[in-house]
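Before any comments, here is the structure.
Within every chain, numbering begins at 1; the chains are lettered A, B, ... in the order of the sequence lines, protein sequences first and strands thereafter.
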2 protein chains.
Amino acid sequence: MNTLAYGLLSLLSHSHLSGYDLMLKLQPFWPAKHSQIYPLLSNLEKEEQVTFELVAQTDKPDKKVYTITEKGIDSLREWLSVPASDPVLRDELMIKAYCLSFVDPAISRKLFVSRLEYYHIKLQRYEEKITHILKKSGVNEGEIPSYQSPYLGAYILLNKALMSCKTNIEWCTWVLKVIPADNE
Amino acid sequence: MNTLAYGLLSLLSHSHLSGYDLMLKLQPFWPAKHSQIYPLLSNLEKEEQVTFELVAQTDKPDKKVYTITEKGIDSLREWLSVPASDPVLRDELMIKAYCLSFVDPAISRKLFVSRLEYYHIKLQRYEEKITHILKKSGVNEGEIPSYQSPYLGAYILLNKALMSCKTNIEWCTWVLKVIPADNE
DNA sequence: TAGTTATATGTAAAAAGAGACATACAATCA
DNA sequence: TGATTGTATGTCTCTTTTTACATATAACTA
């Protein structure tokens, strides 16, 4: 059982999802390709952490919809009791930032302008998602879902995503102010 | 040539370092173990991107001090001209946050309290480093190293690290306010 | 004095992750 | 009509990363 497996169980603890849906939903928290997810799901099924049901579809290909078992929930509970391992961030832009002065300011600027675009797209998505979650959870303006609410987890995560995104936009904007506008 | 290789070249573009030092210095930007770095350095040496010199030490084991070549600098310049790939963050705590409600609030709180400690230690280190860098670069109060300054890269990176760290502390603190203090 | 930590370099094996190959159906687009 | 995109599942291979094995010296600690 690796972290990815717990990621799948976590998502399944909130709703029934196909491998494909799990892959899409997991991206913001623990990026993984379908080639990693499908074999893992079949392992989890063998270990009776999850079960699946074949769901036939007419407009789309048939799918396997997975459900977490009691054993799976127990695994999650046990895993939650041990401290989380240190976060790992790998960002090429950070290495490039370190040796910026080897190239033209125009080239440096490009790196941060395109990253800024990337974060702006993310920001918009997160803002849409957070209003969606708050609407679904049915809390009033300014309120937060309760500890028992199944929406609390998603709300906490989206808040982190939003905060980090804003900080990164701030950083990129600041860097663009530091890099001279033209090759002087 | 993968990102790790460029990470090593980036560090070597600013100073002469041993494999061990490279490993330590690289951690905040592109975490890697020594088992990954030593073979890579010997490849880079074969490709004439770096050279090394055996340096004998009396109090510590002897070491190989690496130097970047002109070819290595050219590789860096070329690499800087292509856009940076998307950043990858993997954080177990985010997955745990998603299914928080399956365990006692006390257990949930522990996760965030220990993470908060982790970030506070990081914050202190980054603050020490940034004052150190600014002192070395010789800029005046409130000023920023110039584009040509070899300290600009480190200053930009430390600012990002500091900003992110503060945001994460803010997030953890907020989460701890959301999780009820006792099992009610 | 025995164990740990730090410095320093290396290899081997296992696990994790990315990319390509493979198939299939429906919808949309040029 | 042919190409692409989205949905859906799967395997295989290659790269990347982690963990373990291996050695050696010095300093510090219990």
Please enumerate all residues that pass ring-ring contact (aromatic ring centres under 6.0 Å, His included) together with A:H120, with sequence neighbours excluded.
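For A:H120, no residue satisfies ring-ring contact (aromatic ring centres under 6.0 Å, His included) once neighbours in sequence are set aside.
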
The ring-ring contact (aromatic ring centres under 6.0 Å, His included) partners of A:Y38 (sequence neighbours excluded) come to A:H34

Does the cation-pi check pass for A:R115 over A:F112, that is, NZ or CZ under 6.0 Å from the six-membered ring centre and within 45° of its axis?
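So A:R115 doesn't make the cation-pi contact.
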
Taking [atom1] from [X] and [atom2] from [N], how many angstroms apart are they, rounded to a whole number?
X	N	atom1	atom2	result
A:L89	D:dT17	CG	C1'	16 Å
A:L22	D:dT9	CG	C1'	13 Å
B:Q27	D:dT18	CD	C1'	12 Å
A:L17	D:dT9	CG	C1'	16 Å
A:D86	D:dT17	CG	P	17 Å
B:L40	C:dT11	CG	C1'	15 Å
B:L26	D:dT18	CG	P	11 Å
B:L24	C:dT5	CG	P	16 Å

Can you list every ring pair (Phe, Tyr, Trp, His ring centres under 6.0 Å) pair that touches residues 135-155 of chain B, not counting sequence neighbours?
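Qualifying pairs, neighbours excluded: A:W174-B:Y155.
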
Apply salt bridge (Lys or Arg N to Asp or Glu O under 4.0 Å) to B:D62 and list each qualifying residue two or more places apart in sequence or on a separate chain.
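In terms of salt bridge (Lys or Arg N to Asp or Glu O under 4.0 Å), with neighbours along the sequence ignored, B:D62 is linked to no residue.
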
What's the shortest heavy-atom distance between B:P87 and A:L89, and which atoms?
CB-CD1, 4.5 Å

Starting from the first five and the last five pairs of the helix from C:dT1-D:dA30 to C:dA30-D:dT1, work out the angle between the resulting helix axes, to 10 degrees.
30°

Extract all donor-acceptor atom pairs below 3.5 Å that involve side chains of residues 9-31 of chain B and protein atoms in other chains or at least two apart in sequence.
unit_1 : atom_1 : unit_2 : atom_2 : d
B:S10  : OG     : B:Y6   : O      : 2.8
B:S13  : OG     : B:S10  : O      : 2.5
B:H14  : ND1    : B:S10  : O      : 3.4
B:H14  : NE2    : A:Y98  : O      : 3.1
B:H14  : NE2    : B:P150 : O      : 3.4
B:H16  : ND1    : B:T67  : OG1    : 3.0
B:S18  : OG     : B:D21  : N      : 3.1
B:S18  : OG     : B:D21  : OD2    : 3.2
B:Q27  : NE2    : B:M23  : O      : 2.7
B:Q27  : NE2    : B:A32  : O      : 2.7

Using nucleotides 23-28 of chain C, report all nitrogen or oxygen pairs with the protein that are shorter than 3.5 Å.
unit_1 : atom_1 : unit_2 : atom_2 : d
C:dA26 : O4'    : A:D59  : O      : 3.3

Quick note, B:K63 side chain, CB onward, closest among C:dT9, D:dG6, C:dT11 is C:dT9

Less than 4.5 Å apart, side chain to side chain, heavy atoms only: is that true for [X] and [Y]?
X	Y	answer
A:L152	A:I144	yes
B:V113	B:Y118	no
B:D104	B:R109	no
A:D91	B:K160	yes

Who pairs with B:K96 by side chain to side chain donor-acceptor pair (under 3.5 Å), at least two apart in sequence or on another chain?
none

Enumerate donor-acceptor pairs with a distance under 3.5 Å from any side-chain N or O in residues 41-59 of chain A to protein atoms, sequence neighbours excluded.
unit_1 : atom_1 : unit_2 : atom_2 : d
A:S42  : OG     : A:P39  : O      : 3.2
A:Q49  : OE1    : A:S75  : OG     : 2.7
A:Q57  : NE2    : A:P61  : O      : 2.7

Ignoring backbone atoms, establish whether B:Y20 has a side-chain N or O less than 4.0 Å from OP1 or OP2 of C:dT7.
yes

Heavy atom of residues 41-57 of chain A under 4.0 Å from DNA chain D: which residues?
A:Q57

Check the interface with nucleotides 15-19 of chain C: list each N/O to N/O pair with the protein under 3.5 Å, or write none.
unit_1 : atom_1 : unit_2 : atom_2 : d
C:dA16 : OP1    : A:N2   : ND2    : 3.4
C:dA16 : OP2    : A:N2   : ND2    : 3.4
C:dG17 : OP1    : A:W30  : NE1    : 3.4
C:dG17 : OP2    : A:Q36  : NE2    : 2.6
C:dG17 : O5'    : A:Q36  : NE2    : 3.2
C:dG17 : O3'    : B:R90  : NH2    : 3.4
C:dA18 : OP1    : B:R90  : NH2    : 3.3
C:dG19 : O6     : A:S35  : OG     : 2.5

May I have the list of side-chain donor-acceptor pairs in residues 121-138 of chain A shorter than 3.5 Å, sequence neighbours left out?
unit_1 : atom_1 : unit_2 : atom_2 : d
A:T131 : OG1    : A:E127 : O      : 3.2
A:T131 : OG1    : A:E128 : O      : 2.8
A:S137 : OG     : A:L134 : O      : 3.1

